[in-house]
Amino acid sequence: MIKSILTEKWQTIIPAEVRRALHLKPRQRLIYELFDGGVVVRAESETLKDLYGFLTDGNPSASKTEEREVARKARVARYK
């Protein structure tokens with residue numbers, strides 16, 4: 001049995017064995033499914049829809065630095 005502790009702020013650390021088993025990445029979304037007195041936690045899978053807008057037509061309209069900043073902001077906003 002794998003255990004973790006719930007803090008006063010309602011947070012917990014996902015044990016390493018669970019992270020490895022679910023192939024979790026930092027800032028990845030989790031899905032909680034409630035059922036009779038229990039819960040199932042699973043990783044939300046990425047879809048092609050999640051990647052929409054990451055590719056362009058090959059003609060960059062911004063510098064590499066600007067493109068990286070836009071991509072970083074998109075990733076951060078996605079996991080808020």
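Being a predicted model, the structure only gives us computed values, none of them experimental.
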Any residue meeting side-chain hydrogen bond (donor to acceptor under 3.5 Å, both in side chains) with Glu69, in chain and number order, not counting sequence neighbours:
Arg72

Sequence neighbours excluded, the answer for side-chain hydrogen bond (donor to acceptor under 3.5 Å, both in side chains) partners of Glu17 is none

Which residues pass the side-chain contact (heavy atoms from CB on, under 4.5 Å) test with Lys3, not counting sequence neighbours?
Met1

Residues passing the side-chain contact (heavy atoms from CB on, under 4.5 Å) test with Thr7, sequence neighbours excluded, are Lys9, Gln11

List, by chain and number, the other hydrophobic cluster members for Leu30, where Ile, Leu, Val, Met, Phe, Trp and Tyr join if side-chain heavy atoms come within less than 4.5 Å, directly or indirectly.
Ile2, Ile14, Val18, Leu22, Leu24, Tyr32, Leu34, Val39, Val41

In the hydrophobic cluster built from side-chain contacts under 4.5 Å, what are the other members alongside Phe35?
Val40

Using atom types as modelled and distance alone, determine if a side-chain donor or acceptor of [X] lies under 3.5 Å from a backbone N or O of [Y].
X: Glu67; Y: Lys64; value: no
X: Ser4; Y: Thr12; value: no
X: Gln28; Y: Ala43; value: no

Evaluation steps, side chain to side chain contact (heavy atoms under 4.5 Å, CB included), between Ile13 and Arg19
CA-CA 10 Å; Ile13 294 174; Arg19 293 191 311 262; 4.3 Å; yes

Quick one: side chain to side chain donor-acceptor pair (under 3.5 Å) pairs with a partner in residues 33-42, sequence neighbours left out?
Glu33-Arg42

